[in-house]
Amino acid sequence: MITKPKGTYDLIGIDAKLYNYIENAIYNFMTNYNYEYIRTPIFEASELFHRSVGEDTDIVTKETYDFKDRGDRNITLRPEGTAGVVRSLIENKLYGNRNDTLKYYYLGTMYRYERPQAGRFRELTQFGVEVFNSDDPMIDAEVISLGFNFLKDLSLENVTVHINSLGDKESRENFTKALKNYLKPHLNELCPDCQKRYDTNPLRILDCKADKDNEILKNVPNILEYLTEESKNRFNKLKEYLTLLDIDYEIDAKLVRGLDYYDYNVWEYITDDDGVTVGGGGRYNHLVENLGGPQMPAIGFGLGIDRIIIELKKKLEDKVPVNNIDVYIMCVSEEEKIQAVKIAQELRLNNVISEVNSNNLSLKSQFKIADNLGAKFLIILNGEDLKKGLINIKDNATKEEIRIDEAELVDWVIGNI
RNA sequence: GCGGAGUUGGUGAAGUGGUUAACACGGUAGAUUGUGGCUCUAUUAUGCGUGGGUUCGACUCCCACACUUCGCCCCA
């Protein structure tokens, strides 16, 4: 048997239903916020990700799907959404009118060569937004609240936004220096991984799992105290706006995001009950420029649809929603089938959700199927009535059965569902 | 890339080196001369992740691989 590649999954059953539900919610929601839909390729030149994410990080050296195409080009399956959108912005000169704030959203699959775990796949789906050309904390608040409100709209109620500021370059350098000075005398008390991180990625030590309870980490310098005036102002403004907008947020000075390109305000959406991060984002005011575009501020987030589906399922428990249909059409003989197909099409074209037996089943089985589909009405075709131009229709709730004229069927159904 | 646990019908699962792989749900057919949801009866895995090996004999033991899951690294 051929099996699916590691870390992928088939979207079927309840998961597929939830995905459809989320997808529709996204389109509706984004229309109200007046964000434009953008779709960029699933694969891009490898260089794009190397330059955006950082040349030396593990992410790019061993956690992307890279290959050479037949034209000997270096190609990478996109591991995230931001780089492609920024590339498109630059290539298509979408920033033509420099007064506009440009707002985009995307939904699509991403590919990461990682070891699968709970809620971590090699093919994953992300919904994200990117906003260009506004540097005002007001827009930070809009973007953060957009994600938060969207999750609420999906009825994922218990989510808190964890916010932090990484400041500008100067703030980060100052903080990193202070952090390293603080940790240096205690280095041998940290876990082996953290001892390595001390040189490679000191900020990551802040959210180390092994040293979580370590006293040393509890008293670590606070990045927020090392922010420059400007960075601090941005962060304070953001908090004011979030309070104004009634967003549940929490300041988390130990929140660091993995990418080099973030500046200033960063955040994650974290569920309250089990602490799952369903998404996160940050401001990245230098990425557009670094990828060859104009100097242009930007901010965005990504939400993991796969994780959201998992969280929604936890909430649903056994209350699996059933899509009830309006009409189930039962038929046995050849002449009944001919009629059934015709009626089914007619009803469907009139927005009546209809299903028709197509398996030569006994009436008993057809009744069962109709019940499982939650049909409101059953059309039970029979040869004798058909000859008289009558259709036998049964209300599945009251069990009442009436015969109505063929010509009046559609109107009758529309009037009664 | 590293480590732990797992993989038995459509589903939930029990099970043993030896002939017929339990039980339940679900499905199908019948009792019901075309009108179900209750009940009863029959039937429903030529196969126990895949490929090798040991054995007279393997679903059961051994090896490899795949996939799942939990954790590490990493987390865009």
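Just so it is clear, the values below take in all heavy atoms, side chains as well, and ignore hydrogens, waters and symmetry mates. Just so it is clear: chains get the letters A, B, ... in the order the sequence lines come, proteins before strands, and each one is counted from 1.
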Write down the distance separating the P atoms in B:rG17 and B:rU28, rounded off to the nearest Å.
38 Å
With a 4.0 Å cutoff (strictly under), does any side-chain N or O of A:Ser333 reach OP1 or OP2 of B:rG34?
no
Against the side chain of A:Lys394, the closest entry in B:rU35, B:rC72, B:rA76 is B:rU35
Among side-chain atoms of A:Glu401 and A:Asn392, is any donor-acceptor pair under 3.5 angstrom?
yes
What nucleotide, of B:rG30, B:rC67, B:rU35, holds the atom closest to the side chain of A:Phe367?
B:rU35
The single option from A:Phe301, A:Phe148, A:Tyr249 that satisfies ring pair (Phe, Tyr, Trp, His ring centres under 6.0 Å) with A:Tyr269 is A:Phe301
Closest of B:rC73, B:rA76, B:rC70 to the A:Pro79 side chain is B:rA76
Atom P, compared across B:rG6 and B:rC63: separation rounded to whole Å:
14 Å
Does the plane of the ring in A:Trp412 sit parallel, tilted or perpendicular to the ring in A:Phe377? Use 30° and 60° as the thresholds.
perpendicular
Proximal nucleotide (of B:rC2, B:rU68, B:rC73) relative to the A:Arg115 side chain
B:rC2
Got a donor-acceptor pair under 3.5 Å from the side chain of A:Gln366 to the base of B:rU35?
no
Can you check whether A:Lys368 has a side-chain N or O nearer than 4.0 Å to OP1 or OP2 of B:rG37?
no
Could you label the plane-to-plane angle of the A:Tyr182 and A:His186 rings as parallel, tilted or perpendicular, counting under 30° as parallel and over 60° as perpendicular?
tilted
Nearest to the side chain of A:Arg197, heavy atoms from C-beta on, is which of B:rG1, B:rA29, B:rC73?
B:rC73
Determine the Euclidean distance between corresponding C1' atoms of B:rA14 and B:rC38; express it in Å to zero decimal places.
29 Å
By nearest atom, which of the nucleotides B:rU35, B:rA29, B:rC73 is closest to the A:Ser362 side chain?
B:rA29
Checking contacts here: which listed nucleotide (B:rA76, B:rA31, B:rC67) is nearest the side-chain heavy atoms of A:Glu114?
B:rA76
Check every atom of B:rC74, B:rC70, B:rC67 against the side chain of A:Glu63 and return the nucleotide holding the closest atom.
B:rC74
C1' spacing across the pair B:rA24 / B:rA13, given as an integer number of angstrom
8 Å
Return no unless some side-chain N or O of A:Thr82 is found under 4.0 Å from OP1 or OP2 of B:rA76.
no
Rounded P spacing from B:rA21 to B:rU35 in Å:
39 Å
Does CG in A:Asn92 sit with more than 12 non-hydrogen atoms of other residues, nucleotides or ligands closer than 6.0 Å?
yes
Among the nucleotides B:rG27, B:rA76, B:rG34, which one has an atom lying closest to any side-chain atom of A:Arg204?
B:rA76
Using whole Å, what does the distance between atom P of nucleotide B:rG1 and atom CZ of A:Arg122 come to?
7 Å
Nearest to side-chain heavy atoms of A:Arg112, which nucleotide of B:rU68, B:rC75, B:rG27:
B:rC75
